[in-house]
2 protein chains.
Amino acid sequence: MARTISIPLGVDPAQFGELNPDFFKALGDPVRLALVAYLAHLGKPSTVTEVSGCCGVDFSGVSRHLKILREAGIVTAEKRGRKTYYALDADKITSSLHGLSDILEALSK
Amino acid sequence: MARTISIPLGVDPAQFGELNPDFFKALGDPVRLALVAYLAHLGKPSTVTEVSGCCGVDFSGVSRHLKILREAGIVTAEKRGRKTYYALDADKITSSLHGLSDILEALSK
DNA sequence: TTGATATTTGCAGGTATATGCAAGTGTGAC
DNA sequence: GTCACACTTGCATATACCTGCAAATATCAA
């Protein structure tokens, strides 16, 4: 699967912010979206064990989902001892959303 | 596939705006994201034929992709004669993005 | 009516994704 | 060292998805 979109002919690549399908794909799964909501609810870096059980999936699956979220720049992962703390990466999420907001702004002009 | 996420235990459903995985999943495909960018570039309601050829997929595939984008509330479709005009639905996109922005705001508090 | 245009849908293929269970890795406690 | 803990990864299965081609539908033009 492509990591970035191929800019269509006639579209100025600089016209819009970065548009990465992997970012949206990562959020396009109900479990991962629930994990994001739950991480926001907890409001602090949390472990796989802590967030498991909120989505009805095995913790191994949660681990995999968190990896996908991390690779998409949605969460950060920090290892401390035998625990890994996952937290929302607000800055990266914001910048990933800019591509879309730019499109909407361009439309209203 | 679930249409909405199941709210994790301990999360107040009213705390965040609507979070629909189908919205993000629709944008999580390189072709569909390119279509969105191209529709924005054209800046006007456009037909399947017009946007086809910008993504290297058969027009039948483009038709299917546009249907997915429509069902996700990203584009509108209006039939006029034998043509169907697709256009970005800025309002719906904006409101779908609010769920995420709400999360980010809640984090910074 | 006949034919061209515009789009949608059925079908079949290949590929990708999500899941649970079990096994593996690494770290800390004793 | 030995054990439990926290997490990750391999494997197998089932499901979902994207794609092109061809056929079907619908509208307009002549």
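Residue numbers start from 1 in every chain, and the chains themselves are labelled A, B, ... in the order their sequence lines are given, proteins ahead of strands.
- At whole-Å resolution of the value, CG in B:Leu69 and P in C:dT7 are 15 Å apart.
- Counting to the nearest Å, the P atom of D:dC21 and the CZ atom of B:Phe59 are 10 Å from each other.
- Rounding to whole angstrom units, CG of residue B:Asp58 and P of C:dC11 are separated by 18 Å.
- Going from atom NZ of A:Lys67 over to atom P of D:dG10 covers 8 Å, rounded to whole Å.
- For B:His65 and D:dC17, the shortest distance from a side-chain N or O to OP1 or OP2 is not below 4.0 Å.
- There is a path of hydrophobic side-chain contacts, each under 4.5 Å, that joins A:Ile103 to B:Leu42.
- We find that CZ of B:Arg64 is positioned 10 Å from C1' of D:dC21, with the value rounded to whole Å.
- Computed from coordinates, the A:Lys25 NZ to C:dT15 P distance equals 15 Å when rounded to whole Å.
- Residue side chain A:Ser60 does not reach the base of D:dC7 through any donor-acceptor N/O pair under 3.5 Å, judged by distance alone.
- Note on B:Leu66: nothing from the nucleic acid sits closer than 4.0 angstrom, heavy atoms only.
- Of the residues in residues 74-90 of chain B, those with a non-hydrogen atom less than 4.0 angstrom from any atom of DNA chain C are B:Arg82, B:Lys83, B:Thr84, B:Tyr86.
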According to the Watson-Crick and G-U wobble definition with distances under 3.5 Å, which dot-bracket string, read 5' to 3', encodes DNA chain C, using [ ] for crossing pairs and | for pairs with another strand?
|||||||||||..|||||||||||||||||

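- Between A:Lys44 and A:Glu50 there is a salt bridge, since a side-chain N of the basic residue sits under 4.0 Å from a carboxylate O of the acidic one.
- Listed by residue number, there are no residues of residues 44-52 of chain A with a heavy-atom contact under 4.0 Å to DNA chain C.
- Of the candidate nucleotides D:dT19, C:dT8, D:dC17, C:dT8 has the atom nearest to the side chain of B:Ser63.
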